[in-house]
Every structure is written in C-alpha cells, then in structure tokens.
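What follows is one structure encoded as structure tokens, with my remarks underneath.
Predicted, not measured: the structure shown is a model, and the values here were computed from it.
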Amino acid sequence: MTTSREIYVHAFLPGASQPIPAGKLAIAQDGRFASGTFFYGRHYAARADAYALDPAVLPLVPGVDYHQPPRDIEQGGGLFLAFQDALPDAWGRRVIAAGHRGHIPDDVSLLLEANDARTGALVFSESQQWIAEKEPVERASLGELADAAHAVELGLDAPLRLKRLLRKASSLGGARPKTQIERDGKLWLAKFQSASDDYDYPTLEAATTELARRCGIRVPRVTLEPIGKAKVLLLERFDRPVIGTGADARFGRRHYLSASTLVGLPYRSEQGSYPVFAEKLRLRSKHAKADLAELFSRMVFNILVDNTDDHLKNHGLLHEQGDYYTLAPAFDVVMQLTNLGYQGLHVGARGSESTIANALSSAAHFGLDEKNARARIEEISAVVKNWRDAFALYASGAELLRRVDTTLAARLRQAYA
C-alpha cells in the first residue's frame with residue numbers, strides 16, 4: 001500500500017531573519033521503499049537573491065519536477081541529500097524519542113520537528129505559511145542541562161522543560177549529548193560529557209580544536225566551562241549570523257551543505273574520498289584555491305592527530321552567493337585515541353591509509369605540487385609535535401595527557417613510516 005505526504009520547504013535568504021517558501025517536497029512510500037519529488041515555487045525562483053538548495057541535483061529552475069527514485073528508507077528513502085542534511089543527528093533523534101515515549105518518528109516527521117535549532121537555513125512545515133513554534137521562555141543552568149542530558153542518555157526521565165531545552169541541539173555533532181545556548185549575543189553548541197566516556201572528552205575536543213587553529217585551520221570559537229567536577233564544551237555556531245544591532249538584533253541562518261551532499265553520496269558510503277571532495281569543491285567554491293589548500297591541511301591534520309571520524313557528514317560548506325559556497329569551519333575535530341591507521345575517507349593511492357605518503361599521492365587534487373604539499377605538512381607536523389602547549393590552556397588532567405602522549409607518539413611514527 002502506497003502512502004504519500006507533502007511538506008513545504010522554507011529557506012532563509014541571505015541577511016534575512018525570517019524564511020520564505022522555497023518549494024514543496026512530496027514523499028511516496030510503499031513498504032520499505034520511498035520516492036521523492038521536489039519543485040521550486042515560482043515566487044521563490046523569481047527572486048534575485050534566491051539560491052538553489054543543491055546546485056548539482058536541485059538547480060534553481062522553475063517549473064521542473066525533480067525526482068528521487070525509490071530507495072530503502074534506511075538509506076534515506078525519498079529524501080534528497082540536501083534535505084537529509086537537515087535531519088536531526090543521533091543525539092537529536094534520541095531527545096525527540098524521549099518526547100515521544102521512546103518512539104523515533106519517520107524522517108519526514110523529523111523534518112517538521114526541531115526547526116528552531118537545526119543546521120543550515122532550511123525549515124519545514126505542513127503549511128505554505130511558515131509559523132515559528134511558540135515555546136515558553138525557559139532558562140536552565142548548564143549543570144541542570146548536563147544532568148538532563150545524562151538522564152536521557154541512560155533512558156531515564158527528565159523534567160519536561162529540560163527536555164524541551166535539550167531539543168535545541170543541531171544536526172551536527174553525532175551522538176554526543178548536547179544542546180544549544182545563547183550567550184554574549186551569540187549561539188553556542190554546548191557538548192557534555194557522555195556516560196560512556198572513560199576520559200575527559202570535552203577537554204580533548206577543546207584542545208584538539210585549539211591545536212587545529214594553531215595549524216592555521218579555520219575552526220569555531222571554543223571555550224570550556226566547569227560544571228561541578230565535569231566540564232562542558234562550548235562551540236560557537238557558524239551557521240547563525242547575527243542580523244541587525246542592539247534591540248533589533250536577531251539570528252539569521254546560512255544555507256549549509258554537507259560534503260555528503262556535495263559529492264552525491266550517503267555519508268555512510270565507503271566510497272567517500274578527500275580527492276573527490278576536493279574536485280567537487282573546486283567547482284563549487286567561491287574561493288577555490290584557498291578552500292582546497294584548507295581541505296588538504298585538514299586531511300593532513302586528521303591523519304597526524306588520529307581524528308579518524310572524518311566521514312562525509314563531518315565536513316560541510318556554507319552558502320556564499322548564487323551557486324557558490326565556501327568551506328565551513330572544521331567541526332568535530334577530536335582525537336579518537338584509537339590509532340586505527342585509516343581515515344573515514346579515502347586519502348589517496350593507498351585508499352584510507354593514515355599516512356603522509358598517502359596524503360602526498362593526492363596533493364595535485366588540492367592544487368598543490370609536491371614541494372608546497374611537503375612544506376605544509378611540515379608546518380602542521382611541527383605544531384602537532386608541540387601538542388602540549390594547546391592542552392595546557394585547558395588544565396588537562398594527567399590521565400588524559402598520558403593517553404594523548406601514547407596515541408600521538410605511535411601515530412606520528414606510523415604516519416611517516
């Protein structure tokens with residue numbers, strides 16, 4: 001039996017603090033398979049400041065129906081990849097399930113939930129007119145939110161007002177417990193210690209992110225804040241620019257595409273590749289030379305610091321103008337402390353092998369000759385070898401320092417083997 005649903009897609013245009021209707025998405029499901037159709041609204045397509053939601057797959061052409069062939073719902077069903085980018089991540093799904101007595105809604109229903117905090121500039125509704133959810137103004141300390149996140153993570157109950165606040169988590173960040181807070185006129189992603197962590201994860205991510213910054217890699221602003229004996233990691237959201245000043249200041253949104261959408265592969269695909277990402281980025285970036293060099297630096301940094309969770313969903317682009325984008329700041333930059341010896345994406349001629357030789361084999365894809373590539377690698381390596389300087393900023397504990405020391409010593413040997 002085939003069932004169908006239609007929802008409206010709304011987009012925040014550059015500099016706008018409210019979205020406008022962009023088009024309509026229809027999903028037809030038959031058992032485990034679903035197909036999709038999307039078309040742009042005439043008024044949206046006629047605007048000079050309108051942009052394609054995915055320039056490669058959904059170019060901004062009025063009067064055209066775009067079709068997503070039937071696909072297993074476990075692989076995204078009828079949702080185009082650009083709309084999958086807007087889905088809640090694993091933690092967001094868990095929090096939403098806690099509000100539905102343990103049941104996780106289907107993906108189309110999930111698009112209609114948590115519109116306020118999702119990544120990027122798209123929101124969804126069942127009506128052509130966007131009406132923002134009116135929620136009660138609630139406040140809670142980071143300690144209260146951390147306790148509530150811990151309860152949800154363990155399947156325990158938490159006060160309703162805190163569960164509502166926890167839903168303000170973006171679709172970036174994977175399965176880690178987190179929420180969104182406003183502070184100093186900015187929006188921040190607050191990431192908490194997980195019940196499954198056997199080390200100080202917030203400090204590890206903060207220090208690894210700082211280490212990346214010292215390597216010249218663009219990262220969000222980051223800070224650590226103590227909550228009792230634990231810590232919470234605060235990362236400024238890069239997709240929420242402040243519009244206006246003073247009492248009229250509001251948060252806008254920037255359209256976001258994951259690397260998964262850019263290369264046209266589900267993020268769980270084993271075919272993900274830095275060189276392919278680079279080739280697609282070359283065509284789509286407004287600052288291609290700088291972005292390609294930046295992506296090469298991130299690949300090398302991830303190899304050297306054992307960040308093997310660098311799959312397609314953990315890279316993205318922010319909309320600039322028309323069909324052009326720029327590489328978003330690096331996020332989820334954290335050592336894995338496992339030294340598996342392979343990356344989440346293919347690196348070069350030796351597949352996903354985590355070695356400098358493998359990175360050099362693909363340097364040309366990033367617009368670099370061997371001399372310049374080696375020079376950049378040595379710059380990054382020199383910073384990584386002085387990793388203790390970055391960790392000293394966050395009063396890292398002795399046990400965490402021991403584990404990082406052991407991991408990086410082995411990682412640097414193997415990377416240059």
Side-chain angles (χ1 to χ4, degrees), residues 87-99 102 104 114 117-119 140-159 162-181 188-212 219-220 222-237 267-268 302 305-311 313-314 330-340 344 391 394-404 406-407:
L87 286 169
D89 60 13
W91 171 254
R93 289 170 184 262
R94 178 177 289 190
V95 174
I96 288 172
I104 300 178
R118 67 161 41 95
T119 303
S141 69
L142 283 174
E144 289 177 306
L145 291 169
D147 290 342
H150 186 70
V152 169
E153 191 177 24
L154 296 178
L156 304 175
D157 199 15
L162 294 180
K163 285 194 288 188
R164 283 197 294 260
L165 289 172
L166 286 180
R167 284 184 57 173
K168 294 182 178 295
S170 75
S171 54
L172 295 177
R176 300 206 61 78
K178 59 188 179 297
T179 190
Q180 174 182 281
I181 66 169
W188 300 76
L189 196 63
K191 300 176 76 171
F192 305 110
Q193 186 84 12
S194 170
S196 62
D197 292 335
D198 61 353
Y199 54 89
D200 183 358
Y201 189 99
T203 295
L204 180 63
E205 183 169 349
T208 310
T209 302
E210 169 62 18
L211 197 60
V219 294
V222 59
T223 186
L224 271 183
E225 186 163 319
I227 44 172
K229 295 182 179 179
K231 299 174 185 175
V232 58
L233 172 69
L234 299 180
L235 295 154
E236 185 180 347
R237 291 197 59 166
Y267 87 91
R268 294 185 182 89
N302 288 338
V305 303
D306 188 42
N307 179 21
T308 55
D309 191 33
D310 54 344
H311 54 74
K313 204 74 168 180
N314 276 350
F331 57 90
D332 272 13
V333 182
V334 60
M335 301 177 191
Q336 300 300 303
L337 303 181
T338 53
N339 201 11
L340 298 175
F391 278 74
Y394 300 105
S396 307
E399 175 58 20
L400 178 62
L401 293 176
R402 184 194 66 78
R403 293 187 64 166
V404 172
T406 300
T407 297

Are [X] and [Y] packed together at the side-chain level, in the sense that at least one heavy-atom pair is separated by less than 4.5 angstrom?
X	Y	value
K178	V95	no
T338	D306	yes
N314	Y267	no
W91	V152	yes
L234	L189	no
L204	L337	yes
D332	E205	yes

Of the non-hydrogen atoms in [X] and [Y], which two are nearest, and what is the gap between them?
X	Y	answer
F391	L401	CB-CD2, 3.9 Å
A330	P220	O-CD, 3.1 Å
P202	V232	CB-C, 4.5 Å
V222	Y394	CG1-OH, 3.9 Å

[atom1] of [X] to [atom2] of [Y]: how many Å apart, nearest 0.5 Å?
X	Y	atom1	atom2	result
T223	E236	OG1	CD	11.5 Å
L154	H150	CG	NE2	4.0 Å
W188	L235	CH2	CG	8.0 Å
Y199	S396	OH	OG	13.0 Å
L224	L233	CG	CG	5.5 Å
L145	I227	CG	CD1	9.0 Å

Checklist entry - Passes side chain to side chain contact (heavy atoms under 4.5 Å, CB included), M335 versus V404? Steps please. => result CA-CA 8 Å; M335 301 177 191; V404 172; 3.8 Å; yes

Next on the checklist: Ring of F192, cation from R176 - is the NZ or CZ under 6.0 Å from the centre and inside 45° of the axis?
Outcome noted: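 The answer is no, since R176 fails at least one limit relative to F192.
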
Checklist entry - Is any NZ, NE, NH1 or NH2 atom of the basic residue among D89 and R94 found under 4.0 Å from an Asp or Glu carboxylate oxygen of the other? => result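 No.
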
Checklist entry - How far apart are the C-alpha atoms of D198 and E399, what are their side-chain angles, what is the distance that settles it, and do they pass the side chain to side chain contact (heavy atoms under 4.5 Å, CB included) test? => result CA-CA 10 Å; D198 61 353; E399 175 58 20; over 6 Å; no

Partners meeting salt bridge (charged side-chain N to carboxylate O under 4.0 Å, His left out) with [X] (sequence neighbours left out):
X	result
R268	none
D200	K231
E153	none
R93	D107

Checklist entry - Got a sec, which residues hit side chain to side chain donor-acceptor pair (under 3.5 Å) with N307, two or more places apart in sequence or on another chain? => result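 Testing N307 for side chain to side chain donor-acceptor pair (under 3.5 Å), a comparison that skips the adjacent residues, returns N302.
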
Item to check | Any residue meeting side chain to side chain donor-acceptor pair (under 3.5 Å) with Q336, in chain and number order, not counting sequence neighbours | outcome: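 Result, side chain to side chain donor-acceptor pair (under 3.5 Å) vs Q336: none returned.
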
Next on the checklist: With side chain to side chain contact (heavy atoms under 4.5 Å, CB included) as the criterion, how do I181 and L142 come out once you've worked through the C-alpha distance, each side chain's angles and the decisive distance to 0.1 Å?
Outcome noted: CA-CA 9 Å; I181 66 169; L142 283 174; 4.2 Å; yes

